[in-house]
Amino acid sequence: MSGIRSTPSPSTPRGICTTAVHAGRTPDAASGSLVPALVQSTTYVQRVPSRPALQTPGDLDAGPIDYDAPASSPAGHCYSRVSNPTVSVLEEALGALEDALPSVCFATGLAAETALFLALLKAGDHVVLGEAIYGGTVRLAQQILAPLGITSTFVDSTNTAAVAAAITPQTKLVFIETPANPTLVLTDIEAVARITRAANVPLAVDNTFLTPVLQRPLDLGADITVYSTTKHIEGHSTALGGAITSRDAGLLDRVRFIRKSTGAIQAPLGAWLTTRGISTLPLRMKQHSRNALTLARWLSVHPQVSAVHYPGLSCFPQADLAAKQHTNPRLGGAHHGGVIAFEVVGGAPAARRVLTGVRLCSLVEHIGSVETLITHPASMTHGDVPPEHRRRVGISDGLIRLSVGLEEPEDVLADLEQAITAAHVGVVRQESGAAIESNVEVGATGTEGRASCLASL
Ligand SMILES: *Cc1c(COP(=O)(O)O)cnc(C)c1O
């Protein structure tokens with residue numbers, strides 16, 4: 001079922017939880033420490049003068065020394081901007097989770113995206129991006145890449161023909177995110193990969209929402225996965241980080257060269273905390289998914305809720321694609337992650353009251369932590385995205401994003417219930433200018449047929 005064999009060897013595929021706990025980690029030979037040491041050192045003692053590891057020909061800071069020798073420290077490290085043992089442990093662990101080469105880890109998710117863009121794009125090149133993506137990615141394309149002469153086209157990537165039509169001879173990268181942030185609209189990775197393969201353009205998938213535990217883009221034909229490890233992968237809101245994962249060694253070398261040259265590597269403490277997070281990632285992702293499904297079902301029949309977006313609901317328009325794409329043969333079954341988006345009756349004013357009325361949920365710009373987090377995308381995560389772009393991709397001013405944590409879902413449900421009820425009463429009072437009215441009549445609009453919206457497992 002999950003690939004467990006009786007006598008695992010290093011080459012044997014192991015269960016996903018075993019990989020999560022052990023990959024990349026060996027007891028420290030010098031101290032016997034079970035947990036790999038946190039190496040804060042910026043530099044490494046070398047036996048002889050040698051060029052830095054990973055240096056590529058033509059790199060200017062190479063000294064006139066022995067050009068053929070690797071770094072002569074015991075593990076080949078020379079300086080922590082280039083590589084660091086604690087970061088290397090995380091890179092092996094993360095790569096192993098999706099049967100890829102060791103990942104390349106960065107200070108943040110956006111640093112990882114920046115390095116990917118700089119590794120693949122130069123002035124005159126073109127990138128095709130899904131239009132429903134992380135706000136910071138939109139800003140990077142429009143405000144950083146465009147002035148550098150790199151043009152971008154945003155397309156509705158749910159329409160694979162639109163992706164094909166946007167590719168030009170100058171296109172050097174297609175970049176999508178699925179499920180989309182925050183609307184959870186899905187892109188069919190396999191279908192898009194067929195198009196990018198035919199056009200000989202690399203396909204990158206931002207897999208932050210589902211992580212390699214719940215979705216395997218590289219198995220579906222993508223060339224690169226992109227992560228903000230700041231979210232579910234670290235999982236406890238204590239370390240920023242980003243990663244690029246691939247099975248293409250040449251591409252990863254280019255990404256590593258950009259990381260070294262721009263100084264974007266992750267700090268050792270962040271990497272150490274992120275590796276600790278990976279140990280429980282499969283367990284957490286399963287539980288986040290279960291809790292989110294419970295809450296999505298409850299929201300979908302709530303009289304004051306006008307829309308719920310969660311790929312695990314049978315009323316989700318792309319439920320079939322979700323069931324197919326959100327699977328990992330090493331985990332079994334489909335799981336749809338911890339993020340839900342919903343709208344309350346009463347639009348933006350009611351949403352504002354919900355966001356300020358919650359007590360257990362925290363109003364933050366974040367997803368993927370053990371705590372349940374609530375966000376207003378239009379003014380927070382997507383505040384820098386032009387309003388017409390927001391409207392086009394379905395980010396209404398009343399949309400609420402919920403990142404379901406690991407509390408008992410009943411407790412989160414009770415908190416949302418009190419906030420939604422109070423918001424509704426407040427809006428009714430404001431609109432009528434009179435005493436509190438019965439909610440039932442107002443709540444009934446927009447809930448037509450919703451009771452039939454049942455969840456699938
Ligand atoms: C948060 C996030 C990013 C950016 O990551 P940082 O670590 O905040 O730089 C990119 N993509 C998605 C989907 C995200 O949620």
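Every number for a ligand or one of its atoms is a count from 1 in the order of the listing. Excluded from the calculations below are hydrogen atoms, water molecules and symmetry mates; all remaining heavy atoms, backbone and side chain alike, are included.
Ion pairing of Asp411 with Arg359 is absent here, as no side-chain N (NZ or NE/NH1/NH2) approaches a carboxylate O to less than 4.0 Å. Taking 4.0 Å as the cut-off between side-chain N and carboxylate O, Arg216 and Asp99 count as a salt-bridged pair.
In this structure, the side chains of Ile244 and Val226 come closer than 4.5 Å at one or more pairs of heavy atoms. Looking at Arg25 and Ile278, their side chains come closer than 4.5 Å, going by heavy atoms from C-beta outward.
For the 3.5 Å distance criterion, the side chains of His336 and Ser289 fail to qualify, holding no donor opposite an acceptor.
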Extract all N/O-N/O pairs under 3.5 Å that connect ligand 1 to the protein, and present each with both atom names and the distance rounded to 0.1 Å.
unit_1, atom_1, unit_2, atom_2, d
ligand 1, 5 (O), Ser228, OG, 3.0
ligand 1, 7 (O), Gly109, N, 2.8
ligand 1, 7 (O), Ser228, OG, 2.9
ligand 1, 7 (O), Thr230, OG1, 2.7
ligand 1, 9 (O), Gly109, N, 3.1
ligand 1, 9 (O), Leu110, N, 2.9
ligand 1, 11 (N), Asp206, OD2, 2.7
ligand 1, 15 (O), Lys231, NZ, 2.7

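Looking at every heavy atom in both residues, Leu283 comes nearest to Cys17 through CD2-SG, 4.5 Å.
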